[in-house]
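Below is one structure, written out as structure tokens; the observations come after it.
Any value given below was found using the heavy atoms of this structure, including those in side chains, with hydrogens, waters and symmetry copies removed. For the single chain, residues carry numbers from 1 onward in sequence order.
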Amino acid sequence: MSTALAIGAHVDQTDPIAEAKARNAPLVQFFLGDPQGYRGPEIRYAGGAEGLRADAEAAGIDLYVHAPYIVNVATTNNRVRIPSRKLLQQHVDAATAIGAKGLIVHGGHVGKDDDPEKGFDNWRKAVEATDLTLPLLIENTAGGDNAMTRYLDRIGRVWDAISAAEGFDMVGFCLDTCHAHAGGNPLETVVDDVRAITGRIDLVHCNDSRDEFDSGADRHASFGAGRIDADLLAGVVRDAGSPVVCETPGGAAEHAADFAWLRERL
């Protein structure tokens, strides 16, 4: 079963279909617009949203959209939280329009002097305030003592909070291997640990890490070029049994090499 896992990569958004075909990949992930800006989603595909949806379906390619990095619905800062919720809804709508299988969003954080409980409850409010027309996949993050999804206990508190929210049935989880390693969560047990909390892993971001365990640094590396043991990296993918997105450096050739490296170890 493991060798049949769908493995793809994070690619440029201009022509995701061509990017997928260049990698012989059944799925791709991309941004819609500026990952660091509040201007809202942008469909750069020549055929627009409808064309991208139709062409992806015809080619048998699954699309995943990554929300902008700046989205932080957990924060107590209204000047960040309110535009983040607006941006999240805009990306839900745009990702739905192109037929995406899911929208990935980072867990966000609260300020150093804030009560983390406020961040957990802000996540509940965000889920309730968002019209989720496709799965929203919350991703674990690598750094920050006040991050909502770096540590397993914090992920658990987020899940406790959002499980009471209307729309919770449309929320899933994206497990990032680099973030887990750099965040101080042992890869030997992280799949079971996360599933014990969330009940699911919908997508794996498989990345090596340029930095040591528990470094808090979010710096991805190609497979075999970082600090994560090869067997551990492959073990997470095998145990999760979910679609895989490689967010590793390089273009089609480098990604194809990463796919081959990973499949050899599954």
Neighbour count >12 (heavy atoms, 6.0 Å) for atom CD, Glu128: yes
Of all pairs that satisfy ring pair (Phe, Tyr, Trp, His ring centres under 6.0 Å), the ones with a partner from residues 89-109, not counting sequence neighbours: His66-His106, Tyr69-His106, His106-His179
Glu42 CD: over 12 foreign heavy atoms closer than 6.0 Å: yes
Derivation and outcome, side chain to side chain contact (heavy atoms under 4.5 Å, CB included), residues Phe31 and Val65: CA-CA 6 Å; Phe31 294 111; Val65 175; over 6 Å; no
Over-ring placement of Arg157 relative to Trp159, 6.0 Å and 45° cut-offs: no
Rounded distance (nearest 0.5 Å) linking atom CG of Asp153 with atom CG of Asn185: 9.0 Å
His10/Tyr64 aromatic ring centres below 6.0 Å: no
Residues Thr75 and Asn77: side-chain donor-acceptor under 3.5 angstrom: no
Pair listing, salt bridge (Lys or Arg N to Asp or Glu O under 4.0 Å) test, anchored in residues 197-208, at least two apart: Arg200-Asp202
Test applied, side-chain contact (heavy atoms from CB on, under 4.5 Å); reference residue, Leu203; option that passes from Leu175, Leu137, Val244, Asp176: Leu137
Whether over 12 other heavy atoms sit under 6.0 Å from Arg227 CZ: no
Verify same cluster id: Leu5, Val28 (apolar side-chain graph, 4.5 Å): yes
Atom CG of Asn24: over 12 foreign heavy atoms under 6.0 Å: no
